[in-house]
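Whatever order the structure lists ligands and atoms in, that order sets their numbers, starting from 1.
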Amino acid sequence: MSSIRENLEIIQQRIEEAKTRANRLNDDINIIAVTKQVSVERTKETLDAGLVHLGENRPEGLLSKKEEIREQAIWHYIGTLQTRKVKKVINEIDYLHSLDRLSLAEEIEKRAEKPVKCFVQVNVSGEESKHGLSKEETIPFIQALEKFTKIQVVGLMTMAPYTDDKETIRKVFRELKELQQEVVKLNLPYAPCQELSMGMSNDYEIAIEEGATFIRIGTALVG
Ligand SMILES: *Cc1c(COP(=O)(O)O)cnc(C)c1O
């Protein structure tokens, strides 16, 4: 296993190259280290390497890591969140990347002690195995969030389809960006929607070229 510092150096180099290609040199790209499959020790190594954003996709993983990690970190919940688990995690996280249904929003409204920064998850590719709203459902869904005082829509999130075809992946990211810009135009105070959470180990460079502001990297960084 190579060190996180070494992995990070390679990733940062590639991020800079993608930013250059996309003319985005002044934009900040936030790297979320997805630590769902690694130990507390490896997670601490991530923080020691200078990263601050950590991503977990299970309540148990999140809570056990939070218990042992005292260093400053920004916690992202990136997995499907079951309604009955909201109570356990919602006040332990800084960002939720998987808001995809009103029943979840209702439970958050009930349990959150302060507004939660949420990404609305969109299933752009329409793959059946993927969670998230269809493109058509997304704007009506965001409009329906108006009555919730504990939900702040900071952006949209998607996962690319499982394929090697770069153009298919690029099209998905591009469509998410177009949808995000439509949301921005609505000028909703509770949904500034400035962020795009897209790109993982295999496709983060394409995601950056298409406008990602948060990339979620597991294997290439900590694996
Ligand atoms: C696991 C996971 C990632 C990281 O995937 P890698 O391919 O290991 O980089 C990113 N986003 C979500 C939602 C995940 O579940």
Side-chain angles (χ1 to χ4, degrees), residues 1-15 18 29-40 42-43 45-47 49 51-65 73-82 85 89 93-101 104 116-133 138 154-166 168-170 172-173 176-177 180 195-223:
M1 204 157 52
S2 35
S3 81
I4 291 187
R5 274 179 203 281
E6 286 167 341
N7 293 341
L8 182 58
E9 216 169 282
I10 294 166
I11 291 166
Q12 278 169 334
Q13 178 67 38
R14 291 190 176 167
I15 289 174
I29 312 288
N30 301 288
I31 302 173
I32 301 172
V34 177
T35 49
K36 65 190 184 196
Q37 284 175 328
V38 303
S39 65
V40 168
R42 193 76 170 153
T43 305
E45 197 187 327
T46 307
L47 297 171
L51 291 171
V52 291
H53 297 279
L54 299 179
E56 287 285 328
N57 72 341
R58 298 256 184 282
E60 300 71 27
L62 172 85
L63 296 174
S64 64
K65 288 217 176 69
I74 299 171
W75 297 89
H76 296 254
Y77 194 88
I78 61 170
T80 306
L81 182 54
Q82 292 176 296
K85 300 282 177 77
V89 304
I93 61 176
D94 299 292
Y95 289 86
L96 174 69
H97 288 247
S98 52
L99 180 58
D100 63 352
R101 57 195 193 278
L104 180 58
V116 183
K117 296 188 188 84
C118 298
F119 286 87
V120 170
Q121 185 169 352
V122 186
N123 182 1
V124 178
S125 66
E127 279 185 305
E128 252 178 55
S129 61
K130 291 214 159 47
H131 290 273
L133 297 150
T138 300
V154 296
L156 302 182
M157 178 273 208
T158 200
M159 289 173 77
Y162 189 70
T163 171
D164 287 336
D165 180 17
K166 291 201 162 60
T168 303
I169 295 171
R170 185 180 299 283
V172 163
F173 292 153
L176 192 73
K177 166 104 189 182
Q180 176 236 350
E195 311 295 343
L196 280 170
S197 168
M198 57 190 197
M200 317 194 334
S201 292
N202 288 325
D203 53 26
Y204 66 90
E205 292 157 278
I206 305 173
I208 291 166
E209 288 168 17
E210 298 302 328
T213 61
F214 284 85
I215 55 176
R216 310 179 306 268
I217 306 202
T219 19
L221 181 66
V222 298

Check: If you count the non-hydrogen atoms of other residues, nucleotides and ligands that lie under 6.0 Å from CG in Asp165, is the total more than 12?
Finding: yes
Notebook entry, point to check: For atom CZ of Arg42, is the number of surrounding heavy atoms from other residues, nucleotides or ligands below 6.0 Å larger than 12?
Noted result: yes
Next item on the list: Flag the pair Val172 / Pro161 as yes when at least one side-chain heavy-atom distance between them is below 4.5 Å, and no otherwise.
Entry: yes
What is the closest protein heavy atom to [atom], and at what distance does it sit?
atom                    : value
atom 9 (O) of ligand 1  : Ser201 OG, 2.5 Å
atom 11 (N) of ligand 1 : Arg216 NE, 2.8 Å
atom 10 (C) of ligand 1 : Met200 SD, 3.3 Å
atom 14 (C) of ligand 1 : Lys36 NZ, 3.0 Å

Notebook entry, point to check: Got an N/O contact under 3.5 Å between Asn57 and ligand 1?
Noted result: no
Item checked: Aromatic plane relationship, Tyr95 with Phe214 - under 30° parallel, 30 to 60° tilted, over 60° perpendicular -> tilted
Checklist line | Distance filter under 4.0 Å to Ile217 heavy atoms, resulting ligand 1 atoms | finding: 9 (O)
Note to self: Salt bridge check, Lys85 against Glu60: does any charged N sit closer than 4.0 Å to a carboxylate O?
What the structure shows: yes
Checklist line | Candidate pair Thr35 and Val40, rule side chain to side chain contact (heavy atoms under 4.5 Å, CB included), full reasoning | finding: CA-CA 9 Å; Thr35 49; Val40 168; over 6 Å; no
Check: When you look for heavy atoms under 4.0 Å from ligand 1, do you find them on the side chain of Gln37, its backbone, both, or neither?
Finding: neither
Note to self: Once you restrict to heavy atoms under 4.0 Å, what part of Met159 touches ligand 1? Side chain, backbone, both or neither.
What the structure shows: side chain
Note to self: Tell me whether Ile78 reaches ligand 1 (any heavy atom closer than 4.0 angstrom to a ligand atom).
What the structure shows: yes
Note to self: With a 3.5 Å distance limit and no angle check, can you tell me whether Gln12 reaches the backbone of Glu9 through a side-chain donor-acceptor pair?
What the structure shows: no
Next item on the list: Could you check which of Thr219, Thr35, Asn202, Val222 puts a non-hydrogen atom nearest to atom 6 (P) of ligand 1?
Entry: Thr219
